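Residues take their numbers from the sequence shown, with the count starting at 1. Fair warning: this is a prediction, and the values are worked out from it, not measured in the lab. Both backbone and side-chain heavy atoms feed into the values below; hydrogens, waters and symmetry mates do not.
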Amino acid sequence: MPRHFTRIRDLGYEGAWKLLQRAKEMKDTAHRGKIMEGKTAILIFEKASTRTRVSFEMAVRHLGGSTIFMTPAESQLGRSEPLRDTARVLSRYADCMVVRTFGQSKITELVEYGSIPVINALTDEGHPCQIMGDVLTMYERTPDLSTVRVAWVGDGNNMANSWIEAAVYFPFELFMAFPEGYEPDRDLLGYALNAGAKIFLTHDPRMAVEGAHYVNTDVWASMGQEEEQKKREAAFKGYCIDTEMMALAAPDAKFMHCLPAHRGEEVTDEVMESPASIIFDQAENRLHIQKAILEWALSE
């Protein structure tokens with residue numbers, strides 16, 4: 001059976017830690033490998049991307065493989081052909097699929113009908129590659145994650161959902177602030193709390209940030225939500241991460257953002273460009289964590 005990475009829980013506790021440590025080892029040694037020599041990854045992107053596409057393309061090349069990039073504009077994706085047929089056809093051509101799409105159900109269908117590993121490069125419900133890279137970014141600074149307090153300020157979106165899932169497997173405390181009506185997936189939150197994750201929710205962003213070692217946010221309107229921009233700007237008033245907000249965090253706290261950012265909206269330009277910002281380390285770590293994910297997925 002192929003190994004799929006559709007969400008962080010696919011790894012299990014031991015697997016999540018091994019993947020994190022392997023990614024750090026790959027980064028520290030500038031790893032180049034041959035596990036994908038003679039193999040091809042098909043990148044299926046229904047949503048535009050800079051970091052996700054380039055980091056996966058480079059990760060495959062660092063492991064000796066090649067890529068084919070597909071969008072709905074240049075394929076039968078999203079047209080008349082059922083996704084299950086696409087899954088079965090591509091499984092006969094390539095060695096894994098990296099998929100960036102809308103509903104998680106599309107990932108589920110590709111897994112069900114395909115016969116090669118499927119890696120979730122983003123859905124509306126989760127962004128596991130990004131969050132594993134973000135955990136790596138914290139881990140290389142603070143190896144004892146049990147001492148870490150993470151703040152999430154903003155929307156209960158795919159990023160928030162994957163942070164909640166990560167809190168099941170890594171021992172940091174997660175303090176999350178959302179406006180009313182923008183909370184994360186309730187079932188996922190219940191699962192995480194029942195599994196022992198240390199997660200605390202509030203509607204006060206200042207309370208979430210106070211004492212945090214890492215302060216996270218994301219855009220208020222994700223791809224596909226542009227028509228809600230004005231409504232969300234009103235709902236998220238007071239949620240901007242500025243220097244005053246960062247001053248509430250722990251000494252030497254770091255600011256994190258998955259990018260792209262709307263400077264002056266969810267975060268100020270001053271914070272983005274400050275010494276506290278580690279946003280480009282996060283972006284780099286997408287490469288290293290995805291190399292580890294690809295190796296894990298394609299290992300015998």
Go through the steps for Phe236 and Tyr182 under the test ring pair (Phe, Tyr, Trp, His ring centres under 6.0 Å), then give the verdict.
-> CA-CA 9 Å; Phe236 285 84; Tyr182 292 91; 5.0 Å; yes
Could you check Tyr214 against Thr142 for side-chain hydrogen bond (donor to acceptor under 3.5 Å, both in side chains), going step by step and ending with a plain yes or no?
-> CA-CA 11 Å; Tyr214 297 92; Thr142 320; 2.7 Å; yes
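Under the salt bridge (charged side-chain N to carboxylate O under 4.0 Å, His left out) criterion, Glu14 pairs with Lys18, not counting sequence neighbours. Checked against salt bridge (charged side-chain N to carboxylate O under 4.0 Å, His left out), Glu244 has the following partners two or more places apart in sequence or in another chain: Arg206. Qualifying ring-ring contact (aromatic ring centres under 6.0 Å, His included) partners for Phe175, counting only residues two or more places apart in sequence or in other chains: Phe200.
Glu270 CD: 12 or fewer foreign heavy atoms inside a 6.0 Å radius.
Salt-bridge annotation for Asp155 and Arg232: present, with a side-chain N of the basic residue lying under 4.0 Å from a carboxylate O of the acidic one. With respect to Arg263 and Glu273, a salt bridge is recorded, a charged nitrogen being found less than 4.0 Å from a carboxylate O. Taking a cutoff of 4.0 Å between a charged side-chain nitrogen and a carboxylate oxygen, Asp124 and Lys47 qualify as a salt bridge. The pair Asp10-Arg7 does not meet the salt-bridge criterion, since no charged nitrogen lies less than 4.0 angstrom from a carboxylate oxygen. A salt bridge links Arg22 to Glu25: one of the charged nitrogens lies within less than 4.0 Å of a carboxylate oxygen.
Ile44 pairs in a side-chain contact (heavy atoms from CB on, under 4.5 Å) with only one of the listed residues (Leu90, Thr71, Val98), which is Leu90.
Side-chain contact between Phe255 and Val267 is present, with heavy atoms from C-beta onward closer than 4.5 Å. Within the 4.5 Å cutoff, side-chain heavy atoms of Val135 are placed close to those of Trp163. For the pair Ile293/Leu19, a side-chain contact is recorded, criterion being any heavy-atom separation below 4.5 Å from C-beta on. Between Val209 and Met246, the closest side-chain pair of non-hydrogen atoms is not below 4.5 Å.
A centroid separation of 6.0 Å or more is found between the aromatic rings of Phe170 and Tyr139.
Note that CG of Leu259 and CE of Met272 are 5.5 Å apart. Values are rounded to the nearest 0.5 Å.
Residues Leu287 and Leu20 fall into different hydrophobic clusters, defined by Ile, Leu, Val, Met, Phe, Trp and Tyr side chains chained together at heavy-atom separations under 4.5 Å.
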